[in-house]
Each structure stands twice: as C-alpha cells, then as structure tokens.
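Have a look at the structure below before the remarks.
For ligands, and for the atoms within them, numbers begin at 1 and follow the listed sequence.
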Amino acid sequence: MTDLGELRDLALVAAREAGELLLHGRPAHLTYETKSTATDVVTDMDRASEALLVNRLLGQRPDDGVIGEEGASRASTTGITWVLDPIDGTVSYLYGQPMWAVSVAAEDELGGAVGVVHVPALGETYVGVRGAGSVRINSQGEQSLFRSDAVALSMAMVGTGFGYDSNRRRAQARVLLEVLPKFRDIRRPGAASIDMCWVADGRLDGYYERGLSHWDYAASSIICREAGVSVLGLNDAPPNSDMIICAVPSCVQELHDILAQARANED
Ligand code: IPD
Ligand code: CA
C-alpha cells in the first residue's frame with residue numbers, strides 16, 4: 001500500500017516549486033499560443049510548470065503515471081497516477097491577476113488519494129488526503145477545513161466559470177439568467193480549482209461549471225470531499241466534463257435540481 005503521507009509531501013513540494021517558478025520566474029513578456037479557441041491560451045510558463053512538476057514527481061517516483069493538461073502522459077506501473085494542471089486560471093495569470101493555481105492530484109484504484117491546490121499569489125495552499133481531512137496552509141499556519149454549517153440556497157454565495165467557446169458561453173449565460181435569482185450572489189474568481197477549495201474553506205457555499213477537464217478538478221475534489229463538501233455531476237453521474245457541482249450538504253440537492261432543470265429547459 002502506498003503511503004499517502006509520502007504522496008502528500010511530494011505533491012506539496014512539487015506544487016510549491018512550480019508556484020515559485022510561476023510567481024518569480026515570469027518573463028516581462030509572456031509568450032503564448034492558442035488552443036481550442038482564440039481565447040484559450042497556453043503560455044510558455046504553463047509548459048515550464050508542467051515540465052517541473054513531471055521532473056519532480058517522476059524524479060522521486062519514476063514508475064508512477066502522469067496526465068497533464070499540456071500533454072504530459074505516461075502509464076503507471078505502481079497504481080498511482082498524477083493528474084496535473086500546471087496553471088489553472090491561465091487567463092488570470094496572463095492578465096497578472098492573482099487567481100491562478102498549481103493543481104496536483106494523486107489517484108489510485110480507489111480514485112482521488114491526495115490533492116494539493118497551491119495559490120502562489122495569495123500565499124495559500126490547500127491540501128486534502130483521503131481519509132485524513134483537508135487543510136488550508138497560509139501565513140497564519142495550518143487550518144483544518146470542514147463545512148458543517150447549514151446554508152439555504154437563497155443565502156448561498158455560488159461560484160462558477162465559463163468555457164472558451166462562444167456557443168458554450170452563450171448557453172452558460174442562459175443558465176446563469178435562470179439560476180442567479182435563486183442565490184445570494186455569484187462569483188467568477190477565474191480558476192475552477194480555487195473556486196472549489198473556496199467552498200471547502202467557507203469563502204463560497206457552492207460552485208458549478210460545465211465543460212471542465214479532469215485536471216481542473218482532480219485535486220480540489222479530494223479537498224472538497226475531505227472537508228465535508230459534496231461533489232457530483234448531473235442526475236446521479238459522477239462529476240465529469242458535462243457538469244461538476246460542489247456545495248455544502250445543506251444546499252447541494254437544491255443546487256443540483258435547479259441546474260438539472262435549467263439543462264432540461266435547454267433541450
Ligand atoms: C480554466 C479555469 C476557469 C474555468 C475554465 C477552465 P485553465 O482552466 O479553471 O476558471 O472557467 O473552464 O478551463 O484553462 O486556466 O487551466
Ligand atoms: Ca491549465
């Protein structure tokens with residue numbers, strides 16, 4: 001059995017080193033290329049961060065697998081696969097905003113085992129270990145996270161995000177029109193992994209988004225679940241690229257139901 005504490009420590013070191021590179025090694029002129037659309041970008045720093053993560057993780061555990069947003073791909077012979085988003089919130093990073101993160105998850109045959117979401121510009125790191133809880137680490141120290149508070153959906157602060165394709169964004173805006181009057185308010189911080197960690201942390205009460213990739217939510221799902229936050233997809237599906245919903249238990253079902261209804265209205 002793999003020691004999850006060992007994976008946690010390694011993920012933390014790797015994410016922090018990548019964060020250091022991204023924060024202090026950013027060139028004056030950031031070069032980028034476009035991916036799926038003209039607004040979906042990959043910078044040289046995304047690639048440098050992914051290379052650093054892969055070298056660090058496989059340097060220590062050469063037989064593990066890797067899946068990275070920028071193309072890293074390697075099969076595992078240990079049963080452990082690292083799922084990496086070298087910059088979640090690349091557009092925020094490009095604009096010099098603080099809401100971007102390095103997201104590192106270790107998965108095994110049971111699913112998510114360890115998740116680290118490091119937010120360099122805020123000096124905060126979220127860590128979740130299956131069966132051992134979640135913490136936020138910042139200059140104040142280490143704080144355990146657990147959401148046991150009851151929040152009604154009408155009083156919930158809900159995060160979301162929008163994809164890079166204009167048709168998808170139009171559909172997301174229509175859903176927003178339907179659901180916004182049912183919440184306290186909405187936030188779009190700019191990085192899915194941070195949005196989800198903020199639900200675990202009490203800075204949001206819920207979050208939903210259509211169109212994410214596994215690396216966007218692999219680490220933050222573990223952090224949420226270990227903090228007592230529900231993470232699901234639509235209509236009994238697990239979270240997936242069609243929809244991810246996460247919220248405190250008191251309002252997750254209602255949030256799910258209004259999103260399912262909004263989806264049904266689209267058809
Ligand atoms: C994006 C961010 C953003 C979300 C997009 C994601 P990326 O990830 O998480 O908040 O709204 O759907 O694609 O492209 O910056 O890694
Ligand atoms: Ca990314």
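- No side-chain donor from either of Gln261 and Asp257 sits under 3.5 Å from a side-chain acceptor of the other.
- Between Thr2 and Thr78 the shortest side-chain heavy-atom distance does not fall below 4.5 Å.
- Of the heavy atoms in Asp40, none comes closer than 4.0 Å to ligand 1.
- Under 4.0 Å is where a charged nitrogen must lie from a carboxylate oxygen, and between Arg187 and Asp195 no such pair does.
- Residue Ala191 touches ligand 1 through its backbone alone, judged by heavy-atom distances below 4.0 Å.
- Ligand 1 has no N or O atom lying under 3.5 Å from any N or O atom of Asp195, backbone or side chain.
- Only the side chain of Arg188 comes within contact range of ligand 1, with a heavy atom under 4.0 Å; no backbone atom does.
- Checking only distances, Asp88 does come within under 3.5 Å of ligand 1, N or O to N or O.
- Within the protein, the N, O or S atoms sitting under 3.0 Å from the Ca ion (ligand 2) are Glu69 OE1, Asp85 OD1, Ile87 O.
- The atoms of ligand 1 that sit less than 4.0 Å from any heavy atom of Leu212 are 12 (O).
- Near Gly161, with a cut-off below 4.0 Å to any heavy atom, the atoms of ligand 1 are 11 (O).
- Between Arg203 and Glu124 a salt bridge is recorded (basic side-chain N to carboxylate O distance below 4.0 Å).
- Looking only at atom types and distance, the side chain of His214 has no donor-acceptor partner in the side chain of Glu69 under 3.5 Å away.
- At a 4.0 Å cut-off, at least one heavy atom of Tyr164 sits close enough to ligand 1 to count as contact.
- At least one N/O-N/O distance between Gly190 and ligand 1 falls below 3.5 Å.
- Atoms CZ and OG1, from Arg168 and Thr37 in turn, are 11.5 Å apart once rounded to the nearest 0.5 Å.
- By the side chain to side chain donor-acceptor pair (under 3.5 Å) test, Asp40 is found to be paired with Ser36, residues two or more places apart in sequence or in another chain being considered.
- Looking at Asp85 against ligand 1, only its side chain comes within 4.0 Å, counting heavy atoms.
- By the criterion of a heavy-atom distance under 4.0 Å, the side chain of Asp216, and not its backbone, is placed next to ligand 1.
- Residue-ligand proximity, Ala192 to ligand 1, at heavy-atom distances under 4.0 Å covers atoms 2 (C), 9 (O), 10 (O).
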Next item on the list: Would you please test Asp64 and Thr81 for side-chain contact (heavy atoms from CB on, under 4.5 Å) and show each step?
Entry: CA-CA 6 Å; Asp64 287 353; Thr81 297; over 6 Å; no
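- Annotation: Gly89 places an N or O atom under 3.5 Å from an N or O atom of ligand 1; distance criterion only.
- Of the protein's non-hydrogen atoms, Glu209 OE2, 2.7 Å is the one closest to atom 11 (O) of ligand 1.
- In the displayed structure, Arg184 atom CZ is contacted under 6.0 Å by at most 12 heavy atoms of other residues, nucleotides or ligands.
- Looking only at atom types and distance, the side chain of Ser103 has no donor-acceptor partner in the side chain of Asp85 under 3.5 Å away.
- Distances shorter than 4.0 angstrom do not occur between any heavy atom of Thr160 and any atom of ligand 1.
- Here Lys182 does not pair with Glu254 in a salt bridge; the nearest charged N to carboxylate O distance is not below 4.0 Å.
- The distance from ligand 1 to the heavy atoms of Thr90 drops below 4.0 Å at these ligand atoms: 15 (O).
- Taking CH2 of Trp100 as the start and CG of Leu23 as the end, the distance is 5.0 Å to the nearest 0.5 Å.
- Below 3.5 Å of separation, one finds no N or O of Gly163 facing any N or O of ligand 1.
- The local environment of CG in Asp236 is sparse, with at most 12 non-hydrogen atoms from other residues, nucleotides or ligands closer than 6.0 Å.
- No donor-acceptor contact under 3.5 angstrom links the side chains of Tyr32 and Asp44, judged on distance only.
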